[in-house]
S.K.: 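Here it is, the structure in full.
Proteins come first, then strands; the chains are lettered A, B, ... in the order of their sequence lines, and each starts at number 1.
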Amino acid sequence: MPELPEVETVVAGLRKTVLGKTIQNVEILYPKIVKSDLKMLTKGLPGNRIKQIQRRGKNILFSLSDRNTLWAHLGMTGHMFYFGKKVKADKHDVAVFRFRGNPGELHFHDLRKFGRLSLLNHSADELPTARLGPEPLQVSFQEFAKLFRSRKRMLKPALLDQSFIAGIGNIYADESLFEAKIHPQTRTDKLNEVALRGLYWGIRKTLRKAIRTGGSSVANYLDVDGNPGHFQIYHKVYGREGKPCPRCKAKIKRILVGQRSTHFCPKCQRFDFAHRPENIEGKRR
DNA sequence: AGCTCTTCCTGAAAGC
DNA sequence: TGCTTTCAGGAAGAGC
């Protein structure tokens with residue numbers, strides 16, 4: 001599923017392929033993905049040049065020459081495929097963009113149709129980004145620490161909450177918590193300075209490495225040119241239930257936290273590691 | 001405020 | 001073997 005590193009990879013691909021092109025028309029094959037007014041979108045896009053493409057959290061923002069913004073979210077299984085020539089739409093394509101004076105096409109492909117597309121009548125800077133938490137690769141440690149201390153909730157749901165911190169999904173939440181050796185059910189406000197630093201750097205390390213390797217190819221993630229990423233071979237806990245922890249060889253566990261499957265090492269991700277290191281032996285769940 | 005449950009959707013995997 | 005059920009998951013919305 002596309003999370004921050006995958007979306008970053010997709011945005012890099014979009015910049016190489018469609019940045020600077022002028023939209024000729026857009027064909028919406030599955031109208032339900034459009035969350036803004038459908039007619040406004042299909043009528044408003046043609047003639048617009050794509051001036052800038054940015055990622056914010058897991059969102060893709062196309063800044064248009066008329067100062068409006070095309071907002072895309074890949075959901076669970078969304079892909080953006082660029083073809084250098086006319087190509088017949090796949091049955092899972094939800095939208096096709098065509099460009100002026102150019103045979104190339106951009107296909108928004110989305111098997112499970114959780115993706116979304118909106119035309120927003122304002123610039124990319126003044127987006128519904130008020131509903132998005134800080135970027136994990138940009139936020140300072142001080143702000144990060146303040147954020148976690150300001151809430152009282154379990155870490156796992158907090159990391160998945162886009163209004164809390166943007167861009168992290170199930171894979172990278174689990175992997176980051178593993179890096180930081182923190183139990184997913186630890187409360188955000190219970191992390192001491194050491195644990196907070198560990199988590200801050202764990203998230204950064206995990207996301208950066210995933211970006212470097214082109215994202216994780218699970219749920220058939222592919223980049224704009226149809227290439228898979230490679231980060232999944234580096235997954236240490238995600239999707240590894242019952243397999244040995246790469247750090248201590250204990251069996252990786254999978255539990256449900258807030259309805260979401262959560263993978264962790266029960267031995268080296270201690271529930272109370274973060275705030276009560278002296279009590280590590282005593283408690284179990 | 002924060003948790004839980006539901007909805008959207010499809011294909012793979014598990015169950016019978 | 002083949003049909004049926006379950007599950008996965010990002011985000012939003014309802015209800016508590």
S.K.: Please determine, for the side chain of Pro157(A), which listed nucleotide (dG11(B), dC8(B), dC3(B)) has the closest atom?
M.R.: dC3(B)

S.K.: Quickly work out the Leu160(A) CG to dA12(C) P distance and round it to whole Å.
M.R.: 13 Å

S.K.: I need the CD-C1' distance between Gln259(A) and dG9(C), as an integer number of Å.
M.R.: 12 Å

S.K.: Quickly work out the Leu256(A) CG to dC3(B) P distance and round it to whole Å.
M.R.: 15 Å

S.K.: Strictly below 4.0 Å: does Thr77(A) bring a side-chain N or O up to OP1 or OP2 of dG9(C)?
M.R.: no

S.K.: Does OP1 or OP2 of dG9(C) have a side-chain N or O of Tyr238(A) closer than 4.0 Å?
M.R.: yes

S.K.: To the nearest Å, give me how far apart CG (Asp110(A)) and C1' (dG11(B)) are.
M.R.: 13 Å

S.K.: In whole angstroms, how far is the C1' atom of dA8(C) from the CG atom of Asp174(A)?
M.R.: 13 Å

S.K.: Determine: side-chain N/O of Lys152(A) to OP1/OP2 of dC3(B), distance under 4.0 Å, yes or no.
M.R.: no

S.K.: Take the protein atom CG of Leu147(A) and the nucleotide atom P of dG2(B), then report the distance between them rounded to whole Å.
M.R.: 10 Å

S.K.: Any idea which of dA11(C), dG2(B), dG11(B) is nearest the Lys58(A) side chain?
M.R.: dA11(C)

S.K.: Would the number of heavy atoms belonging to other residues, nucleotides or ligands and lying under 6.0 Å from CZ of Arg67(A) be above 12?
M.R.: no

S.K.: Starting at NE2 of His79(A) and ending at P of dT10(B), how long is that distance when rounded to a whole Å?
M.R.: 15 Å

S.K.: What integer distance in Å separates Lys35(A):NZ from dA11(C):P?
M.R.: 13 Å

S.K.: Just wondering, are more than 12 heavy atoms of other shown residues or ligands nearer than 6.0 Å to NZ in Lys35(A)?
M.R.: yes

S.K.: Any side-chain heavy atom of Asn59(A) within less than 4.5 Å of one from Val7(A)?
M.R.: no

S.K.: Could you check Arg116(A) against Arg112(A) and say which one's nearest nucleotide on DNA chain C is further toward the 5' end?
M.R.: Arg112(A)

S.K.: Any side-chain N or O of His92(A) below 4.0 angstrom from OP1/OP2 of dT10(B)?
M.R.: no

S.K.: Nearest of dC9(B), dG11(B), dA8(C) to any side-chain atom of Leu111(A)?
M.R.: dG11(B)

S.K.: Tell me whether Asp174(A) is salt-bridged to Lys236(A), with the criterion being a basic N under 4.0 Å from an acidic carboxylate O.
M.R.: no

S.K.: Looking at Phe141(A), is Arg204(A) sitting on its ring face, NZ or CZ under 6.0 Å from the six-membered ring centre and within 45 degrees of the normal?
M.R.: no

S.K.: Starting the side chain at C-beta, find the nucleotide from dG11(B), dG2(B), dT4(B) nearest to Arg151(A).
M.R.: dG2(B)

S.K.: Kindly point out which of dG9(C), dG11(B), dA11(C) is positioned nearest to the side chain of Asn170(A)?
M.R.: dG9(C)

S.K.: Contact class for Phe164(A) (heavy atom, under 4.0 Å): base, sugar-phosphate, or nothing?
M.R.: nothing

